[in-house]
Each structure stands twice: as C-alpha cells, then as structure tokens.
Number of protein chains: 2
Amino acid sequence: MAPRGRRTARVSGDERQDAILTTAEALLGERSFDDVSIEELARGAGISRPTFYFYFSSKDEMLLALLDRVISEVEHRVSELPRNFESDPAGAWTRSIGMFVEVFVAHRGVATAAIAARARNDEVRALWSKSMQSWVDFSSDVIASEQARGAAPDGIDAHDLAVSLNLMNERVITAVLNREIPAIAESHALDVLSTIWIRSIYGSVNPGRS
Amino acid sequence: MAPRGRRTARVSGDERQDAILTTAEALLGERSFDDVSIEELARGAGISRPTFYFYFSSKDEMLLALLDRVISEVEHRVSELPRNFESDPAGAWTRSIGMFVEVFVAHRGVATAAIAARARNDEVRALWSKSMQSWVDFSSDVIASEQARGAAPDGIDAHDLAVSLNLMNERVITAVLNREIPAIAESHALDVLSTIWIRSIYGSVNPGRS
DNA sequence: CGAGAGAGTCAACACCGTGTTGATACCTCG
DNA sequence: CGAGGTATCAACACGGTGTTGACTCTCTCG
C-alpha cells in the first residue's frame with residue numbers, strides 16, 4: 001500500500017540501509033575507510049550513531065555488504081567473458097583485462113577499503129579472495145587450454161601464472177588509482193598489463209592468429 | 001666509560017630504544033600492526049606506556065624507524081647487484097629477484113605492517129616508495145639497456161614495465177608470506193616470478209646468451 | 001476500535017587505545 | 001654539592017567503537 005497524501009513520517013528500513021551504503025561509497029571515494037567514522041555514515045543517512053547498529057553490526061559488516069554487491073557484479077561479468085582465444089589471442093586478453101580494470105575503476109573506494117581491511121578481517125579476506133578466484137580460475141583455464149593446443153609454451157604452471165598475473169593487475173591498478181609512486185600513467189595501464197600477460201603466457205611478442 | 005662493578009641501575013636509552021624495536025619485530029611476526037598495542041611494546045621493552053613516547057612520538061613513528069633499517073639494507077643490496085646481463089640474462093634476473101624475495105622474507109612483519117600503514121600515513125608511504133624506487137630504477141635501467149643492445153624488443157616502455165613487474169613481485173610475495181588465497185607455493189615463487197620477468201622483458205622463452 | 005507485536009530510534013553509558021601533562025628520580029659533570 | 005639533561009610513570013583527556021534500555025511509531029488482528 002503506497003502512502004497517500006500525507007507521507008509516512010518514517011522512511012522504510014531498506015531505504016535507510018541503502019542510504020548508509022550510498023553514503024559509504026561516496027565517502028570512500030574521498031577518504032580512507034579508517035577516516036570515515038560511523039557517526040558520519042549515520043548522519044549521512046539521517047540517523048543517529050546507535051541506529052547504525054540496527055542495520056549493521058559493525059563498520060566491517062557494512063563493508064562486507066558493499067563488497068558483496070561488487071562480487072556479484074564480478075562473478076556475473078567473468079562468466080560472460082568470451083573464450084574465443086584462438087582467433088585473436090591478444091585482443092581477447094586485452095578485453096578480459098579491460099573488464100578487470102573497469103570494475104576496479106567503478107568501485108575504487110570499495111576496492112581500496114577492502115584491500116586494507118583484508119589484513120585484519122577474516123570475512124573481508126574470504127570475500128575478496130572469492131572474487132580474485134573468479135578471475136584466476138577464468139584465466140587459468142584459458143591459459144591451460146592455450147598450452148594444450150600448443151599456442152602457449154609449457155614451462156610454467158598455468159595456475160601459478162594466472163595467480164601471479166592477476167595479483168599484478170590488482171596491485172598495478174590500485175597503485176594507479178591511488179596515484180602512488182611508483183606507478184604508471186592511467187592511460188598506459190591497460191596496454192602495459194596486456195603486453196605483460198601476452199608475452200608471459202605465449203612466450204612471444206606476437207602470438208599468431210589461427 | 002663502561003659501568004664498573006656495580007651495574008647501572010638503569011639501562012641506557014639506546015638499549016631501551018633497541019628493545020622496543022626488537023619487541024616490535026617479534027610481535028609483528030605473529031600479529032598485525034593494529035593488533036599490537038603500545039602497552040605491549042612498552043611492556044616488552046620493560047617500560048611503561050608513557051615512557052614509550054619518550055622514544056617515539058607515535059606508533060607510526062616507530063614503524064618508520066623499523067622501516068628505515070630495512071630501506072638502508074635494500075639500497076645497499078641493490079647497489080651491489082651485478083649488471084652483467086649480457087652473458088646470462090636469465091640467471092642474472094633470477095638472482096636479482098631472489099634478493100628482492102630474500103629481503104621480504106627476512107622482514108616479513110615490517111613489510112606487511114608498512115604496506116598496511118602506507119594507506120594512512122604519508123611518511124610511511126614516502127619511505128616505502130623510496131625503497132620500491134631503488135628496485136624500479138635498477139630494473140628499468142637494465143631493461144632499457146637490454147632494449148638498446150637489441151636483446152630485448154621494444155614495444156613497451158622500460159620504466160612502465162619495470163614498475164609493473166616490481167609491483168607484481170611485491171604483491172605476489174606478500175600473498176605467499178601471508179598464506180593468502182589465491183597465492184602460489186613458496187617453493188615455486190622465485191621460479192614463477194623469474195619466468196614472467198624474462199618472458200615479458202625479452203618477449204621470448206629463452207633469451208640467448210651472448 | 002484498542003491492545004499487542006515489531007520495527008525503528010536514540011540518550012546515556014562502558015570500554016579501550018592513543019596521546020599529554022607534570023611531578024619526580026637518576027646520572028654526570030663542572 | 002648542585003644544575004641540567006636524561007629517563008620514568010601515575011593520572012588525565014580524548015575520540016571512536018559497541019551496548020543498553022526505554023521510548024515511539026505503525027501495522028495487524030480479535
């Protein structure tokens with residue numbers, strides 16, 4: 001039943017929860033997780049600090065909710081990645097890595113906060129690890145099949161290679177997004193990463209089309 | 001003047017400072033920086049919490065002192081790295097990366113704490129960045145000269161490549177040391193990293209000796 | 001309609017870790 | 001001996017997290 005004429009005095013619980021998460025994404029865009037107090041999150045959502053605890057049992061719990069949304073997006077997008085690497089390996093890898101970059105750019109604040117929280121919070125670590133594994137499994141499968149069909153040389157375990165390259169992506173992209181030193185120019189990032197992936201997977205500068 | 005017969009009731013300031021740093025390295029080996037309180041550091045060094053502030057103005061300041069020692073070691077060891085890449089490129093790179101790995105392994109606690117603190121503390125960030133740059137400059141110089149002499153293909157900026165590969169090392173090694181998932185086996189790490197470096201620098205599986 | 005039941009809210013409180021202050025003891029050197 | 005730097009710590013102030021208990025609003029059902 002929609003509220004008529006006179007609006008309901010109180011906004012619904014779900015809206016409040018969303019308001020908290022929205023406030024959080026916004027604040028994490030400008031400041032670090034530690035520098036955002038629960039007080040601010042609550043004020044941003046129009047409630048008092050204790051009421052925040054009605055919605056989330058802790059600040060980390062809220063980060064988990066934020067991260068959960070991102071993970072769903074990641075798993076969905078990874079499952080839709082094309083697997084036709086035979087015809088244009090370089091292009092296919094570049095598109096895959098590009099998607100990785102896009103997700104990080106779109107959720108920079110959450111990603112940075114999660115990476116920091118990972119060190120102290122088991123649940124955050126588990127959730128982050130789940131998302132990294134989506135990418136690792138995808139790339140590991142593709143590398144293994146490229147090795148199987150003879151397009152990529154053996155001499156390195158497909159899974160080890162996939163893990164290392166994905167960790168490189170994570171680290172290089174956060175360095176770029178947080179304007180660290182040393183880092184590379186944002187405009188080069190995708191190009192540089194793709195080049196490294198392709199050279200180290202195929203052992204050559206120019207993997208042949210077939 | 002050495003204390004005679006009767007020992008000085010009070011241990012010297014320098015010893016106390018060292019005791020704090022030693023306690024810190026030990027505790028950081030088992031717990032995260034945030035989980036180590038100043039109270040514990042002080043107790044470990046046989047002093048009270050306020051006295052800790054006589055030696056360091058904050059916990060971060062102490063981390064800085066810890067990191068400073070590591071940086072000196074890094075700069076020293078980097079400057080001693082051989083540069084004879086012409087005769088045995090693969091071996092030379094493996095030895096260089098091996099040294100990177102060694103430093104991380106030897107100072108695992110400090111490295112992990114510094115990486116976490118980097119996000120919130122400017123001085124830690126600056127110091128860490130200085131140490132990364134030692135490695136980046138070294139590798140960037142070597143890559144550029146390999147490209148110049150025609151042993152390594154162009155098509156990627158030497159500095160961008162050096163930054164990315166060094167960031168990969170940082171991330172992969174911390175993942176290994178902290179037993180993250182996904183990560184690779186500690187015993188493979190050096191081998192996997194070297195392979196990726198060599199393939200992506202030389203654009204081939206087997207850079208020729210000359 | 002009116003008495004629960006739930007959801008939602010918050011003032012006040014307890015706690016813990018950081019950083020500060022001021023008083024005091026010790027040690028050395030003129 | 002006594003002045004001045006070195007070293008020490010009890011007690012305090014502060015800020016952020018998480019908890020409690022009482023209150024209000026709204027919806028439902030006899």
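Quick note on labels: first sequence line is chain A, next is B, and so on, each numbered from 1. A quick note: this is a predicted structure, and the numbers were derived from the prediction, not measured.
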- Yes or no on salt bridge (Lys or Arg N to Asp or Glu O under 4.0 Å) for B:E40 and B:R31, after CA distance, side-chain angles and deciding distance? CA-CA 12 Å; B:E40 288 175 288; B:R31 304 218 294 292; 2.3 Å; yes
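Taking B:Y53 as the reference, nothing meets the ring pair (Phe, Tyr, Trp, His ring centres under 6.0 Å) condition, with sequence neighbours excluded. Qualifying side-chain contact (heavy atoms from CB on, under 4.5 Å) partners for B:A65, counting only residues two or more places apart in sequence or in other chains: B:L21, B:F56. In this view, A:P50 and A:S48 satisfy the side-chain contact (heavy atoms from CB on, under 4.5 Å) rule, not counting sequence neighbours.
In this structure, A:F54 places its CZ atom 19 Å from P of D:dC23, rounding to the nearest Å. Here C:dC26 presents its P atom at 14 Å from CZ of B:R16, a figure rounded to the nearest Å. As rounded to whole Å, 12 Å separates atom C1' of D:dT17 from atom CZ of A:R120. Between the CG atom of A:L41 and the P atom of D:dG16 there is a distance of 12 Å, given to the nearest Å. Atom pair A:F56:CZ and D:dT19:C1' shows a separation of 19 Å (rounding to whole Å applied). Atom CD in B:Q17 sits roughly 11 Å away from atom P in D:dT8 (whole-Å rounding). Regarding A:R43, its CZ atom lies at a distance of 17 Å from the P atom of C:dT9, rounded to whole Å. Summarising the geometry, the separation between CE on A:M62 and P on D:dG18 is reported as 11 Å, rounded to the nearest angstrom.
A close approach under 4.0 Å does occur between a side-chain nitrogen or oxygen of A:Y55 and OP1 or OP2 of C:dT9.
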Which side-chain N or O atoms in residues 67-76 of chain B pair as donor and acceptor under 3.5 Å with protein atoms at least two apart or in another chain?
unit_1: B:S72; atom_1: OG; unit_2: B:D68; atom_2: O; d: 3.0
unit_1: B:E73; atom_1: OE1; unit_2: B:H107; atom_2: NE2; d: 2.9

Atom pairs and distances, side-chain donor-acceptor, residues 176-186 of chain A, under 3.5 Å, sequence neighbours left out:
unit_1: A:N178; atom_1: ND2; unit_2: A:T174; atom_2: O; d: 3.3
unit_1: A:E180; atom_1: OE1; unit_2: A:R171; atom_2: NH1; d: 3.4
unit_1: A:E180; atom_1: OE1; unit_2: A:R171; atom_2: NH2; d: 2.8
unit_1: A:E180; atom_1: OE2; unit_2: A:R171; atom_2: NH1; d: 3.4

- Task: Can you check each nucleotide of nucleotides 10-18 of chain C against protein heavy atoms at under 4.0 Å and return B for base, S for sugar-phosphate only, - for none, in 5' to 3' order?
- Result: BBB-----B
